[in-house]
Amino acid sequence: MVAPGPHAAKGIAGYHLEALVGKGGMAEVYRAIVADGPRAGQRVAVKRLLPALAGDAGYVALFEREGEVTRRLRHPAIVEVLETGVSGGAPFIVMEYVDGRNLRQVLAQCAARGILLPVDFGAYVAHVVAEALAHAHAGTDAAGRPLGIVHCDVSPSNVFISRDGGVKLGDFGVALTAGAAPNAPGVEPMGKPRYLAPEQILGQTPTPRTDVFALGAVFFELLTNEPAFPGKDAKEVGQRILAGTLRAPSELRPEVPFALDEVVLRCVAPDPADRYPSAGAVAADLADRYDPAVGTPLAIAAVVRGLFGG
């Protein structure tokens, strides 16, 4: 999502909406204050389906499913959902407010300053996101049955770094659960083109290894500030992904250790069978691949403050 600037709105009882902080093709996100109840005074994020889509049963179902799925997930590296509801005919989701930046903003700031993120920063963030994905993939319903969650949109804009250095995976808006239909062949897949696994492009059913592919593409970008699969448009990017045109991060940044090259290349293998079997396996492989002095919230916060000031 992009931040269009401060904007106020009305219409959600129990919340004072302070500013519009993000807007995408399906929803808008407001920074808000809880007006009453046990969380009175707490700052939160309120995500609301765009009014123009409130009458579309398909979009409403997709949005409501996001709320249902994410309410089942409780992990320090996943943006927590606090409440779901309907206001003015449009469903909304109340989430913890992450006061900070997303990785897309962090990488853009690095590009503007002509610098790269520390290698250890990238490895640590990839490790935390892998742990978050492992938790989501193992999610269960109230009866303990596997939900079969696949995020389907792991990308820099959906990974947040808070002011205190916390790393959070968010936006399960296009996540699939067990039994959900994938995109049919010829239908534009949901998710961002640079991070789509070959099976998503082909309309096949996503699996946890689909998220592993996207994680590898994000990790490549953290290490190089270049896309793993470049192209002038979505079609060219998709062709590179389907052709299995792979690059090692060290080709662009020689100081990247070969061990991290191997992690990235295994994640983005064209054939899911050649990828890591799970996000948990990625997390385990990355656990000792970064300097522990960098892999702390304090150190991560210092890097982001150095980029943006404050």
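Just so it is clear, the values below take in all heavy atoms, side chains as well, and ignore hydrogens, waters and symmetry mates.
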*Candidate pair Phe258 and Asp261, rule side chain to side chain contact (heavy atoms under 4.5 Å, CB included), full reasoning*: CA-CA 5 Å; Phe258 288 136; Asp261 276 347; 3.5 Å; yes
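- Distance alone, capped at 3.5 Å, places no donor-acceptor pair between the His127 side chain and the Asp285 backbone.
- Figure legend: cation-pi geometry between Arg48 and Phe92 absent, as NZ or CZ is not positioned both under 6.0 Å from the six-membered ring centre and within 45° of its axis.
- Side-chain contact between Thr205 and Val150 is absent, with no heavy-atom pair separated by less than 4.5 Å.
- In terms of heavy atoms, Gln109 sits closest to Phe308 at CB-CZ, 3.6 Å.
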Check against side chain to side chain contact (heavy atoms under 4.5 Å, CB included), Leu242 and Leu202: CA-CA 9 Å; Leu242 291 175; Leu202 295 171; 3.9 Å; yes
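- Distance alone, capped at 3.5 Å, places no donor-acceptor pair between the Arg39 side chain and the Val34 backbone.
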- Query: Is there a salt bridge (charged side-chain N to carboxylate O under 4.0 Å, His left out) between Glu18 and Arg43 once you walk through the steps?
  - Reply: CA-CA 10 Å; Glu18 294 185 318; Arg43 177 160 282 148; 3.1 Å; yes
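- Across all their heavy atoms, Leu246 and Pro270 have their closest contact at CD1-CD, 4.1 Å.
- Using a 4.0 Å cut-off between charged side-chain N and carboxylate O, Asp171 and Lys47 make a salt bridge.
- Using a 4.5 Å cut-off between side-chain heavy atoms of Ile, Leu, Val, Met, Phe, Trp and Tyr, with links allowed through other members, Leu215 and Ile78 fall into the same hydrophobic cluster.
- Val94 and Val86 fall into different hydrophobic clusters, defined by Ile, Leu, Val, Met, Phe, Trp and Tyr side-chain heavy atoms under 4.5 Å apart, directly or through other members.
- For the pair Asp291 (side chain) and Asp120 (backbone), a donor-acceptor distance under 3.5 Å is absent.
- Looking only at distances, a side-chain donor or acceptor of Arg194 sits under 3.5 Å from a matching main-chain atom of Phe229.
- Between Ile149 and Arg72 the shortest side-chain heavy-atom distance does not fall below 4.5 Å.
- With Arg31 contributing its side chain and Ala19 its backbone, the two residues share no donor-acceptor pair below 3.5 Å.
- Within the model, atoms CG of Leu117 and CG of Leu107 stand 5.5 Å from one another, a figure rounded to the nearest 0.5 Å.
- Of the inter-residue distances, the one linking Gln200 atom CD with Thr207 atom OG1 reads 9.5 Å to the nearest 0.5 angstrom.
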Stepwise, does the side chain to side chain contact (heavy atoms under 4.5 Å, CB included) test hold for His137 with Arg209? CA-CA 10 Å; His137 294 160; Arg209 294 190 193 209; over 6 Å; no
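- Here the shortest heavy-atom pairing between Asn225 and Ile115 reads ND2-O, 4.3 Å.
- The shortest non-hydrogen separation linking Lys192 to Ser157 is CE-OG, 3.1 Å.
- Not one N or O on the side chain of Arg289 forms a donor-acceptor pair closer than 3.5 Å with the backbone of Ala259.
- Atom CG of residue Leu73 and atom NE2 of residue His151 lie 9.5 Å apart, to the nearest 0.5 angstrom.
- Between atom CG of residue Leu223 and atom CZ of residue Phe121 there is a gap of 11.5 Å, rounded to the nearest 0.5 Å.
- Side-chain contact check for Leu260 versus Pro249: every heavy-atom pair is 4.5 Å or farther apart.
- Side chain to side chain, Thr210 and Glu199 meet the donor-acceptor criterion of an N or O pair below 3.5 Å.
- Side chains of Val119 and Arg253 form a contact here, defined as non-hydrogen atoms less than 4.5 Å apart.
- Using a distance-only test at 3.5 Å, with no hydrogens or angles considered, a donor-acceptor pair links the side chain of Arg240 to the main chain of Pro230.
- Looking only at side-chain heavy atoms (C-beta outward), Val264 and Val256 stay at 4.5 Å or farther from each other.
- Looking at Arg247 and Thr224, their side chains never come closer than 4.5 Å, going by heavy atoms from C-beta outward.
- Met26 CE to Leu50 CG: the interatomic distance, rounded to the nearest 0.5 Å, is 8.5 Å.
- If you chain together hydrophobic residues whose side chains sit under 4.5 Å apart, Leu82 and Tyr97 never meet in one group.
- A side-chain contact (heavy atoms from CB on, under 4.5 Å) with Val98 holds for exactly one of Lys168, Arg163, Glu80; it is Lys168.
- Residues Glu96 and Ala45 share a closest heavy-atom pair of O-CB, 4.1 Å.
- In terms of hydrophobic clustering, with Ile, Leu, Val, Met, Phe, Trp and Tyr side chains grouped at heavy-atom distances under 4.5 Å, Leu103 and Leu307 are assigned to a common cluster.
- The structure places CD of Glu131 at 9.5 Å from CG of Leu286, a figure rounded to the nearest 0.5 Å.
- Side chains of Phe172 and Asn158 form no contact here, defined as non-hydrogen atoms less than 4.5 Å apart.
- Using a 4.5 Å cut-off between side-chain heavy atoms of Ile, Leu, Val, Met, Phe, Trp and Tyr, with links allowed through other members, Ile93 and Tyr59 fall into the same hydrophobic cluster.
- Val218 places a side-chain heavy atom less than 4.5 Å from the side chain of Leu222.
- Under a 3.5 Å cut-off, the side chain of Asn102 and the backbone N or O of Ile161 do not form any donor-acceptor pair.
- Between the side chain of Arg74 and the backbone N or O of Arg71 there is at least one donor-acceptor pair closer than 3.5 Å.
- Phe213 approaches Ala197 most closely through the heavy-atom pair CD2-CA, 3.5 Å.
- A donor-acceptor contact shorter than 3.5 Å links the side chain of Arg275 to the backbone of Ala269.
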